[in-house]
Amino acid sequence: MKRHFFFILLSLAGDDRHGSGIMRDVLDLTEGELKLWPATLYGSLDELRALGFIRELDAAPRGADAAGHKRWFRITPPGRRAVVAELARLRATVRVAERRLVADGGDA
Amino acid sequence: MSAIALYRALLRLLPGDLRERYGDDMSDMFAAQLALATGDGRVASFRTAITGIADLVRRIPYEHLRHLRRPAHRRRREDSSMTRLLDSLRLDVRFALRSLRRRPTFAIVAVTTLALSIGAATAIYSIVDGVLFRSLPYHDASRIVSIWQTDSLRKKQALLAANWDRVPLDYTDFLRWRDAQHSFDGVAVWSGFGAFVQGDAAPVQITGMRVSPGLFGLLGVAPILGRTFARGEDIVGGPRVTMLSYEAWQSRFGGRRDVLGSIVRFDDRPYEIIGVLPEGFTLERGKTGAPYWIPAGQSKGDIGLHNRSFHAIAKLKPGVTSEQAATETGRLLDGEDSPAAHGVRIEGFVRDETRTVRLPLLLLLGAVGILLAIACVNIATLLLGEASTREVEMSARIALGASRGRIIAQLLTESLLLAIVGGALGVVLAWWGTRGIVGLAPPKIPGLGAVHVDGRVLAAALVAATIAGLLFGLAPALLLSEHGPATLLRATRGSSGRGALQRFMIAAELALSVVLLVGAGLLSRSLQRLGAVDPGFRTDHLAVVRMSWSNPYGDTLRLRSFYDQMTQQLAALPGVTAVTAGSSIPFTAGSSSSPYLLVGEGVEDMASHKHEVQQRVIASSYFSVMGIPVLAGRAFSSDDRSGSELVAVISDAAAKRDFPGTSPIGQRVKYQGDWRTIVGVVRDTKVGQLSAEDLPSIYTPLSQRPSVLDLAVRTAGDPAALANTLRKTVQGSNRDIVVNDVQIMDDLVHRSFAEERFRTALIVLFGATAALLAAVGLFGVTARAVARRTREVGIRVALGATSESVVAMIVRQTMRAVGAGVIVGVIGALAASRILAPYLFGVRTNDPATYLGILALLGAASLTASWLPARRAGRVEPAVVLRDS
């Protein structure tokens, strides 16, 4: 899974958000390391929508403060499954890498 | 504001459905980020704008690809938006074409400027790239270095100074070094050898290579047939084995696989063929490799005689620095008690190979870079001018409801169209120019034969053209779109501020032109001086018959009688006025040098190269036939025989260096093991380069030092017409003789500064183009100024100004920009031309005549270019102007 897909899904797994909200949340999640610029952000949102991982809300969720934002996004069950599967894959990768580095006597 | 407009314009390039769905969100978000960044200062907001736009530009092709990959039934639904985009693009292109057709002069000038500059820059870049930057086609090429010994004592001697840090290696030293060194993964040497091989009819002279056995392994070159040389074969009396080049295998042995084991005879010694090298293998880039290769170290001359004739290469071990390697190599090659003056120089193979052409080529690249910059400024000036005349048109379109985005998109389409057409023509010019330049260039430049315009170079040129087009189109487009419809209503024509920007650009263009033209002027004057140098002998009506003996062991008596007989026989030919013989006749080939000793000097004076002299063996008629005046004493005569006192003649430079204040006549020198009496002093001659200083020389008579000489033939008419007769006569006289070439002295001298001519021709070409571009730009700007100020001029004329004074006023204003540009240019040229100093002969870098000449030329061109359009202003009818406004 592409890195920014993962973080967009992760961001939406917490809450429904609009574009700038996702951008800011991903920036927080990655400690300022991944900044999604508008074209990449909306392009990716469109891709995720086509994949069925997220959907657009018809109206702003109740209690949302950001008026004027037309588009809100929500993660779908397949999207949630995809991000969990990706997390498992990442975890497995980390395990394998740690085992190898310890076996080689490196300071893992 | 303008960055957002650009962002919105670029959004149009996204697939329709994505733009419709999220386009507004994207531009809103971009605007919000920009607004946020503005608080952090200009730099931050600029960076945000650039990053955001770059993000969008990167995304566009990706989104289109994604769109295409979608299932067909979904795509069809969305096709309408795609079609709309294509339609609007088609419309923009059609509109741009129509608009450019309405302004053919502008279009032609812009396209030509782009084509010329991109063509020239691409051609020069591809040559520089091919010669200097391309790596060798060998395994681990970046670690392959050249190894030379250095001897700083040689620096003091005019004869040896040029190669003081390029002293080749001796084979015995090499063996010691190879066995003890730890710095390299491999070391190898090579040297050329000449031999006669029996051809179909007559013996053919070939130049082969003698190499140490490790050479092929070091380069990672494997034979396509058989084997390479084994360690241990490079000893005196070792097995006589040879490898063939692929080309020799094909042409002389028909590519037969059973060639292994066959015998080739070099000078009648049999060698067994043991292997064939891969196609195109060579040690000199761009040149055909030697046809035959044999192991070095087999001849007695290689061992223990300090025969320094081997070029060395090595493959540096990873982690070892050149300095460490040089220290170790110096110790091993020279022994522990090496003289302080001796050392070792290690340099990357390509860098070493191209050391003499590196700076000149980079200079050319710099010159063509300046030309490209001038072209860019020129087009920007033109487009800015266009912008000012099209303000009204654009304002009208905005007033009629066209969005800013549409107008920017359309203006960008126009400039991109210009850039693409110009770039395409430039590529054609580059392809053509590269071939032309490679054809004209002196063959000395290594790797030139392999230079070609490749995809990499072309892609770079086209990207450059597109970026240039976008940039030049963008500035006026943004300027234009800032004006609302109000511009039209107010009907004010152009602001004076933009005129100032244009004049600034003209000044910049002129400044760059001055730098380039001064360089061209200095090189031309230098070339002129070079061509006027007296070589010290008569070069006209002189042919040189160059030959070798296939049987060098023939007895010396026969050699001497051959020259007597040949001289008489050739002199009897119709059209021949005189004939003589000499070794290393000036301008025909490399000459050799060795030292002599004066009375009272010993071996230690030998090592310091104190009395190094160029050496020539000559027939007694040499000086009179060549036209070299005897300054003191006498020339050789028939009395200088083998039994009589050994004599020598030295040149003026040798007399001044070695016998200052006294007459050398009657003095004795020990030369090549014999004491000789100096009987004469002759004038110095140039030997290979007209720009070189006079080199001390010694002449000894053929009668006392038999050697193989070339013949110099003085003719009454054109020597070239006699070339064939000379060749046949000499060739037919003795079956041991091979005539290599008949050369015409005037051609040889002319060719000796081919490199200077080549360089100068290119820079002059660039300079002339630069001046032309500057003049065109000036013309355009003045014409524009005149058009814009018609009304003002009309009023002035109505108020009583004469047309002359109006013309003068306009010319004066442009000339002020010209003056400023020229002053900056002269300062720049004074600084830049210092780089040229090593390539100038008889001209100083601040040569006033050159500067004045260039200034006069540019001044005249500028005056004409601004006066021609200004004249129109003088013809303005006040009544017409006032009525129109």
Side-chain angles (χ1 to χ4, degrees), chain A residues 1-9 11-12 16-28 30 32-61 64-76 78 82, chain B residues 3-4 6-37 40 44-75 77-78 81:
Chain A
M1 181 183 281
K2 286 180 191 164
R3 195 154 161 268
H4 45 270
F5 282 11
F6 177 73
F7 280 107
I8 291 173
L9 289 176
S11 166
L12 289 176
D16 296 342
R17 292 176 207 277
H18 51 70
S20 327
I22 297 172
M23 190 269 284
R24 276 196 299 272
D25 192 43
V26 168
L27 206 58
D28 279 351
T30 59
E33 200 228 327
L34 180 62
K35 173 152 186 175
L36 294 169
W37 291 87
T40 303
L41 174 66
Y42 283 100
S44 306
L45 286 171
D46 194 49
E47 271 182 277
L48 289 168
R49 196 182 48 84
L51 286 166
F53 288 174
I54 62 171
R55 66 185 179 87
E56 250 178 63
L57 299 180
D58 298 330
D65 56 357
H69 284 287
K70 290 184 281 182
R71 318 249 175 208
W72 287 77
F73 300 91
R74 173 173 295 168
I75 193 163
T76 61
Chain B
I4 294 170
L6 174 65
Y7 198 86
R8 291 214 182 104
L10 288 169
L11 275 177
R12 299 176 51 78
L13 298 175
L14 281 174
D17 63 324
L18 183 69
R19 189 179 68 244
E20 270 164 33
R21 195 182 282 271
Y22 297 126
D24 289 346
D25 298 73
M26 288 190 209
S27 73
D28 287 351
M29 191 168 167
F30 179 68
Q33 284 173 340
L34 212 54
L36 207 66
D40 299 338
S45 83
F46 181 70
R47 195 181 298 145
T48 305
I50 293 290
T51 320
I53 290 171
D55 171 62
L56 176 57
V57 169
R58 244 192 338 254
R59 195 78 195 180
I60 290 167
Y62 175 81
E63 289 295 346
H64 279 285
L65 278 178
R66 185 161 76 87
H67 180 262
L68 285 178
R69 270 196 235 109
R70 275 187 218 180
H73 65 276
R74 292 191 55 181
R75 208 162 59 215
R77 245 190 298 142
E78 291 153 2
S81 58

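Numbers restart at 1 for each chain; the letters A, B, ... are given by sequence-line order, proteins then strands.
- Looking at B:T48, both its backbone and its side chain come within 4.5 Å of chain A, counting heavy atoms on both sides.
- Looking at B:D28, there are no atoms closer than 4.5 Å to chain A (heavy atoms on both sides), in backbone or side chain.
- If you tally non-hydrogen atom pairs under 4.5 Å between each of B:R21, B:M29, B:Q33 and chain A, the highest count goes to B:R21.
- Looking at A:K35 and B:T51, their side chains never come closer than 4.5 Å, going by heavy atoms from C-beta outward.
- Looking at B:R58, its side chain never comes within 3.5 Å of a backbone N or O of A:T40 through a donor-acceptor pair.
- With contacts defined as side-chain heavy-atom distances shorter than 4.5 Å, the pair A:P38/B:D25 does not qualify.
- In this structure, CD on B:E63 lies 6.5 Å from CG on A:D46, to the nearest 0.5 angstrom.
- Shown here for A:R71 and B:E20, the closest heavy-atom pair between the two residues is NH2-O, 4.5 Å.
- In this structure, B:F46 places its CZ atom where only 12 or fewer heavy-atom neighbours from other residues, nucleotides or ligands lie under 6.0 Å away.
- In this structure, chain B has heavy atoms under 4.5 Å from both the backbone and the side chain of A:E47.
- For the pair B:D55 and A:W37, the tightest heavy-atom approach, listed with the atom from each and the gap, is OD2-CB, 3.0 Å.
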